[in-house]
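Written out below as structure tokens is the structure these notes cover.
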2 protein chains.
Amino acid sequence: MDTEEILKKQKLKVTPQRKAIIQVLQNSSSVLSAQEIFAAVIDVMPNVNLSTVYRNIDVLLKKGVLCRITSEDDKILYELRREKGHHHHIICKKCGASIPIDYCPMEDIEKELDKKGFTPTEHRFEIYGYCEKCSKKLKK
Amino acid sequence: MDTEEILKKQKLKVTPQRKAIIQVLQNSSSVLSAQEIFAAVIDVMPNVNLSTVYRNIDVLLKKGVLCRITSEDDKILYELRREKGHHHHIICKKCGASIPIDYCPMEDIEKELDKKGFTPTEHRFEIYGYCEKCSKKLKK
DNA sequence: ATCGCTGCAAACAATTTGCAGCCGC
DNA sequence: GCGGCTGCAAATTGTTTGCAGCGAT
């Protein structure tokens, strides 16, 4: 989908900065930090400001255009949301690629939570490791 | 277990600062951030320094005395490790209590990962919500 | 006497905010 | 034209580092 469409669909104003941010994420094969997005946007739009990037990441997140992911070492990363429903990610520690997975552990644990009287509202499940390509490279 | 014992068992030097940090965590019913630990330690030891707290959290983490937990809103929190083996946590969004759980989703997903050629090395699984007490309070 | 631990100040990194002007609708 | 969006600078927040002195072995 085209960047402009994405924005219009969310009833967001179409600005060159927003388009650039989405484009960067579309072209990226890995999950990116706010700073990395900024660095990539600045290449094509030399006077964007970092705060603009932060502000737009926020609105795009709220609208569900982006996913927020926590890296293995607690850094916050973003990617374009490609899947519709609820899902989790596997993230490659080498190339930063993220692979969506359907599996969600919550079904398997609801009973146990219920037993403890705990009412779950959110959860986090992320797997880190090496993707197929990087696994092979490391073995060599 | 007594704070001094904990440190000795890990072959760490026993210092009043370290003892105070562990004590704070022992007395706390919730998971704490570095700054919160600092705030609590300073009450009993007015001239500790924040960097001392950070440095000691690091060594205690490395020795496995502490667990590092990521809050729902991506803040890093700590608690005394109470369980021995691998485990995950349920964290109450209201009171900050953390409840360890044995269940780990990795067993259930290994096959799927294998199919995708992904080699997992680490993972993160945390559940946020309301503990029994806080659930009841909210219903009233 | 040595080496690790601490306090202090300063540096650093990541993110947020206030404000004035600009731009998309 | 209005209200949201942006750039810029400055403020915050969270964490790390260099250094000199202290303290335990």
Side-chain angles (χ1 to χ4, degrees), chain A residues 2-24 31-63 65-66 68-78 96, chain B residues 3-24 31-63 65-66 68-79 96:
Chain A
D2 162 77
T3 58
E4 208 150 315
E5 277 181 70
I6 296 177
L7 289 166
K8 282 185 181 159
K9 188 168 283 182
Q10 302 301 331
K11 304 199 170 130
L12 289 171
K13 270 193 184 156
V14 178
T15 71
Q17 292 85 344
R18 285 177 185 173
K19 283 165 66 176
I21 290 170
I22 295 177
Q23 197 132 36
V24 161
V31 284
L32 300 177
S33 68
Q35 312 267 347
E36 286 167 335
I37 295 172
F38 172 61
V41 170
I42 222 172
D43 274 346
V44 67
M45 193 181 280
N47 59 337
V48 246
N49 197 273
L50 181 53
S51 25
T52 302
V53 172
Y54 275 110
R55 284 188 278 228
N56 282 324
I57 288 176
D58 276 350
V59 315
L60 294 174
L61 256 186
K62 274 194 194 119
K63 292 288 186 174
V65 178
L66 305 188
R68 174 206 288 248
I69 291 166
T70 308
S71 79
E72 185 210 354
D73 53 343
D74 296 306
K75 295 200 167 51
I76 298 173
L77 304 171
Y78 304 92
Chain B
T3 58
E4 207 150 318
E5 277 181 70
I6 296 176
L7 289 166
K8 281 184 182 160
K9 186 167 287 183
Q10 303 300 331
K11 304 200 171 131
L12 289 172
K13 274 198 179 150
V14 177
T15 71
Q17 293 84 343
R18 286 177 183 172
K19 284 166 67 176
I21 289 171
I22 296 176
Q23 196 131 36
V24 161
V31 285
L32 300 177
S33 68
Q35 312 267 346
E36 285 167 336
I37 295 172
F38 172 62
V41 170
I42 222 173
D43 274 347
V44 67
M45 192 182 280
N47 59 338
V48 248
N49 197 272
L50 181 52
S51 26
T52 302
V53 172
Y54 275 110
R55 285 188 276 229
N56 282 323
I57 287 176
D58 276 351
V59 314
L60 294 174
L61 257 185
K62 274 194 195 120
K63 292 288 188 175
V65 178
L66 305 188
R68 173 206 289 246
I69 291 165
T70 308
S71 79
E72 184 210 355
D73 52 344
D74 297 305
K75 294 201 167 52
I76 298 174
L77 305 171
Y78 304 92
E79 68 166 1

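Naming convention: chains lettered A, B, ... in sequence-line order (proteins, then strands); numbering from 1 in each chain. Below, each value reflects all heavy atoms present in this structure, side chains not excepted, and no hydrogens, waters or symmetry copies.
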Measure the distance from [atom1] on [X] to [atom2] on [N] and round it to the nearest whole Å.
X: A/D74; N: C/dA13; atom1: CG; atom2: C1'; answer: 15 Å
X: B/E36; N: D/dG14; atom1: CD; atom2: C1'; answer: 13 Å
X: A/D58; N: C/dT15; atom1: CG; atom2: C1'; answer: 10 Å
X: A/K19; N: D/dT6; atom1: NZ; atom2: P; answer: 13 Å
X: A/L61; N: C/dT15; atom1: CG; atom2: P; answer: 12 Å
X: A/Q35; N: C/dT16; atom1: CD; atom2: P; answer: 11 Å
X: A/I57; N: C/dA14; atom1: CD1; atom2: P; answer: 13 Å
X: B/E4; N: D/dA24; atom1: CD; atom2: P; answer: 12 Å

Do B/Q17 and B/N49 pass the side-chain contact (heavy atoms from CB on, under 4.5 Å) test, and can you show the C-alpha distance, the side-chain angles, and the key distance before you say yes or no?
CA-CA 9 Å; B/Q17 293 84 343; B/N49 197 272; over 6 Å; no
Check against side-chain contact (heavy atoms from CB on, under 4.5 Å), B/Q23 and B/V44:
CA-CA 11 Å; B/Q23 196 131 36; B/V44 67; over 6 Å; no
Once base and sugar-phosphate atoms are separated, protein heavy atoms under 4.0 Å mark nucleotides 3-11 of chain C, 5' to 3', with B, S and - as -SSBBBB--
Side-chain donor or acceptor of A/R18 paired with backbone N/O of A/K13 under 3.5 Å:
yes
OP1 or OP2 of C/dT16 sitting under 4.0 Å from any side-chain N/O of A/Y54?
no
Considering non-hydrogen atoms only, spot the tightest contact between B/F38 and B/V48 and give its length.
CE1-O, 3.6 Å
What pair of heavy atoms forms the shortest contact from A/L77 to A/S33, and how long is it?
CD2-N, 3.6 Å
From CA spacing to verdict: side-chain contact (heavy atoms from CB on, under 4.5 Å), B/L60, B/L7
CA-CA 9 Å; B/L60 294 174; B/L7 289 166; 4.0 Å; yes
